[in-house]
**Student:** 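Take a look at this one; I'll ask things after.
Lettering follows sequence order; numbering is per chain, from 1.
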Amino acid sequence: MLQRPRGTADVLDPKEAERWQWLESTARRVCARAGFSEVRTPTFEATELFARTSGESSDVVQKEMYTFQDQGGRALTLRPESTASVVRAYQEAKLSGVHKFYYLQAHFRYERPQKGRLREHHQFGCEILGTDAPLADAELIGAAWTFLSEAGLGDLMVSLNSIGDPNCRPAYRQALQAYYRPHQAELCTDCQRRLEDNPLRLLDCKQDGCQALKTGAPKSRQYLCSACQEHFREVLRLLDQVGIRHQFDDLLVRGLDYYTRTVFAISHAALGAQSDVCGGGRYDQLSEAIGGEPLPGVGFGLGLERLLISLGESDRVAQPVRLYLAVTSEQMQGPALALAMELRRSGLTVEVELARRSLKAQFRRADKEGFSHVGVFGPDEMASGALTVRDLLAGKESRHPTTELANILRTGAPAL
RNA sequence: GUGGAUGUAGCUCAGAUGGUUAGAGCGCCAGGUUGUGGCCCUGGAGGCCGGGGGUUCAAGUCCCCUCAUUCACCCCA
């Protein structure tokens, strides 16, 4: 039989669907309170948008994009990330001033799948555009922090670094190259290439040989110009002030070229090698890379599949009242459905048995599927306009007029 | 893209050196007498052994290819 494409996933287990909905609504709630409004950008964009912002030499652009040509010969790409799109949209709409956006969107990268890494994955992300104030960095990181806490991820720690701006980064790159050149022979093949291509990336190589060289490598912080230094110091100070646990990590660099100054990540051990659940940073020159007016910004992206893995299987959804309406015979199914619809209209969660099975089997099923109550609807009940209700947790049973059911059950007293 | 592991019932897995009707546990369905769950007992359904090709008298078992999953690398959310 035909299967779903590699690296994609279906969500059809009701429990899992509920987890997704709960997570998404948590994100929306956190954003609404902090004044972020939702932005939705096209699923595909001009290939050039990503090529120019992420960087021609980045892995994303070199080998991970889903690129195709449409009937009109346009080169298009399924978005591998959303920041470039959001900046593009801001500029295209000729907005001005500070804007705060969030998105919940699917992203596509042609990669080899493994735990916490899919070809289509979903990210919740926030962007603050139009200001380079350190306060924006702090608020943005705060949004990710608040969201993760509310989602229930414990023991959070933000790692961050500053990788400078166009004024000071060139000097740092040169310093790195100068340091590594004499050791070139000891580097892994990837790092030999990086030495010319993208020296900053030398710092997050995990090969033993390269790892050893890192300790003596020059640190970006020592090369920051005074403006970047001041900016970073202020970001750190603000994080302290708002109570966000963080640690300075001078080996942290990001894979996308558009980052400037602040870069950060939040990781979680449950994810194995894909430990970063959230990553982001500042991108003050991105807009110009796509031919726009200067527009500073900071943003983060947070992988929802990864977060769901980190959160584990825990059922954090309180069990609400759910009534399973059982019937004593097939003849009662019609009247039972009518009753179910009436009860639903008054706000109750009610399910009726669709297959023909014995009362016993209906009870068994209600129990298995975690219903809180079973209503038995038979001739006696119908004649008296009542329903026999059994509380499955308490094991108690009683009969009530159907008109009073909604109130009795909704006010929740588990024991009737 | 590179390297390793895996793929047998809905799920977790057994099936030594190839040999007759492919098994278990859990789950599912039905019963254990009158309109009632969780425990227990009995019975039942359910498997092109991921797919294709090959070797052989004979393949779930051996070989090749392919698809998928998984772990690591690369990289990233």
**Student:** Could you give the side-chain donor-acceptor pairs of residues 30-38 of chain A under 3.5 Å, partners two or more places apart or in another chain?
**Tutor:**
{"from": "A:R33", "atom 1": "NH2", "to": "A:E150", "atom 2": "OE1", "distance (Å)": "3.2"}
{"from": "A:R33", "atom 1": "NH2", "to": "A:E150", "atom 2": "OE2", "distance (Å)": "2.5"}
{"from": "A:E38", "atom 1": "OE1", "to": "A:R28", "atom 2": "NH1", "distance (Å)": "3.0"}
{"from": "A:E38", "atom 1": "OE1", "to": "A:R40", "atom 2": "NH2", "distance (Å)": "3.4"}
{"from": "A:E38", "atom 1": "OE2", "to": "A:R40", "atom 2": "NE", "distance (Å)": "3.0"}

**Student:** State which of B:G35, B:G38, B:A77 makes the closest approach to the side chain of A:T388.
**Tutor:**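 So the nucleotide nearest the side chain must be B:G35.
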**Student:** Check every strand shown and say whether A:E381 touches a base, only sugar-phosphate, or nothing at a heavy-atom separation below 4.0 Å.
**Tutor:**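 Base contact.
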**Student:** When you check every protein heavy atom under 4.0 Å of nucleotides 43-51 of chain B, what one-letter string (B, S, -) results, 5' to 3'?
**Tutor:** ---------
**Student:** List the residues meeting ring-ring contact (aromatic ring centres under 6.0 Å, His included) with A:F50, not counting sequence neighbours, and say none if there are none.
**Tutor:**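 By the ring-ring contact (aromatic ring centres under 6.0 Å, His included) rule, A:F50 matches no residue at all.
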**Student:** Partner of B:G1 by Watson-Crick or G-U wobble geometry, both contacts under 3.5 Å, or none?
**Tutor:**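 By the stated definition (distances under 3.5 Å), B:C73 pairs with B:G1.
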**Student:** Let me check something: any side-chain donor-acceptor pairs from residues 125-142 of chain A under 3.5 Å, sequence neighbours excluded? List them with distances.
**Tutor:**
{"from": "A:E127", "atom 1": "OE1", "to": "A:Y283", "atom 2": "OH", "distance (Å)": "2.4"}
{"from": "A:E127", "atom 1": "OE2", "to": "A:T83", "atom 2": "OG1", "distance (Å)": "2.9"}
{"from": "A:T131", "atom 1": "OG1", "to": "A:A133", "atom 2": "N", "distance (Å)": "2.9"}
{"from": "A:D137", "atom 1": "OD1", "to": "A:R282", "atom 2": "NE", "distance (Å)": "3.1"}
{"from": "A:D137", "atom 1": "OD1", "to": "A:R282", "atom 2": "NH2", "distance (Å)": "2.6"}
{"from": "A:D137", "atom 1": "OD2", "to": "A:T262", "atom 2": "OG1", "distance (Å)": "2.7"}
{"from": "A:D137", "atom 1": "OD2", "to": "A:R282", "atom 2": "NE", "distance (Å)": "3.2"}
{"from": "A:E139", "atom 1": "OE1", "to": "A:K100", "atom 2": "NZ", "distance (Å)": "3.2"}
{"from": "A:E139", "atom 1": "OE2", "to": "A:K100", "atom 2": "NZ", "distance (Å)": "3.1"}

**Student:** Keeping to residues at least two apart or across chains, list the side chain to side chain donor-acceptor pair (under 3.5 Å) pairs with something in residues 379-389 of chain A.
**Tutor:**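 For residues 379-389 of chain A, and leaving out neighbouring residues, the side chain to side chain donor-acceptor pair (under 3.5 Å) pairs sorted by first residue read A:E381-A:T388, A:E381-A:R399, A:T388-A:R399.
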**Student:** In chain order, what residues pass the side chain to side chain contact (heavy atoms under 4.5 Å, CB included) check against A:R119, with sequence neighbours excluded?
**Tutor:**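 Listed in chain order: A:R6, A:Y66, A:Y110, A:P113.
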**Student:** Which residues satisfy the ring-ring contact (aromatic ring centres under 6.0 Å, His included) test with A:Y102, sequence neighbours excluded?
**Tutor:**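 A:Y102 satisfies ring-ring contact (aromatic ring centres under 6.0 Å, His included) with no other residue.
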**Student:** Collect all protein-nucleotide pairs involving nucleotides 25-29 of chain B in which both atoms are nitrogen or oxygen and the distance is under 3.5 Å.
**Tutor:**
{"from": "B:C28", "atom 1": "OP2", "to": "A:K368", "atom 2": "NZ", "distance (Å)": "3.4"}
{"from": "B:C29", "atom 1": "OP1", "to": "A:R357", "atom 2": "NH2", "distance (Å)": "2.6"}

**Student:** Rounded to the Å, how far apart are A:F363 CZ and B:G35 P?
**Tutor:**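 Rounded to the whole Å, the gap is 13 Å.
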**Student:** Using heavy atoms and a sub-4.0 Å distance, could you list which residues of residues 39-48 of chain A are near RNA chain B? By number, please.
**Tutor:**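 Those residues whose heavy atoms fall under 4.0 Å from RNA chain B, taken from residues 39-48 of chain A, amount to none.
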**Student:** Side chain of A:L359 only, heavy atoms from C-beta on: which candidate in B:G31, B:G35, B:A77 is closest?
**Tutor:**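 Looking only at side-chain atoms, A:L359 lies closest to B:G35.
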**Student:** List every contact pair, protein side and nucleotides 69-71 of chain B side both N or O, where the distance is under 3.5 Å.
**Tutor:**
{"from": "B:U69", "atom 1": "OP1", "to": "A:G7", "atom 2": "N", "distance (Å)": "3.3"}
{"from": "B:U69", "atom 1": "OP2", "to": "A:R6", "atom 2": "NE", "distance (Å)": "3.1"}
{"from": "B:C71", "atom 1": "OP2", "to": "A:K115", "atom 2": "N", "distance (Å)": "2.3"}

**Student:** Between A:R254 and A:R117, which residue's closest nucleotide on RNA chain B lies nearer the 5′ terminus?
**Tutor:**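 Here A:R117 is the residue nearer the 5' end.
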**Student:** Check salt bridge (Lys or Arg N to Asp or Glu O under 4.0 Å) between A:D13 and all other residues, then give those that pass, not counting sequence neighbours.
**Tutor:**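 A:D13 satisfies salt bridge (Lys or Arg N to Asp or Glu O under 4.0 Å) with no other residue.
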**Student:** Return the set of residues passing side chain to side chain contact (heavy atoms under 4.5 Å, CB included) with A:E111 (not counting sequence neighbours), or none when no residue passes.
**Tutor:**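 For A:E111 the side chain to side chain contact (heavy atoms under 4.5 Å, CB included) partners, ignoring immediate neighbours, are A:E64, A:R109, A:R117.
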**Student:** Over all strands shown, is A:Q362 touching base, sugar-phosphate only, or nothing at heavy-atom distances under 4.0 angstrom?
**Tutor:**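 Result for A:Q362 = nothing.
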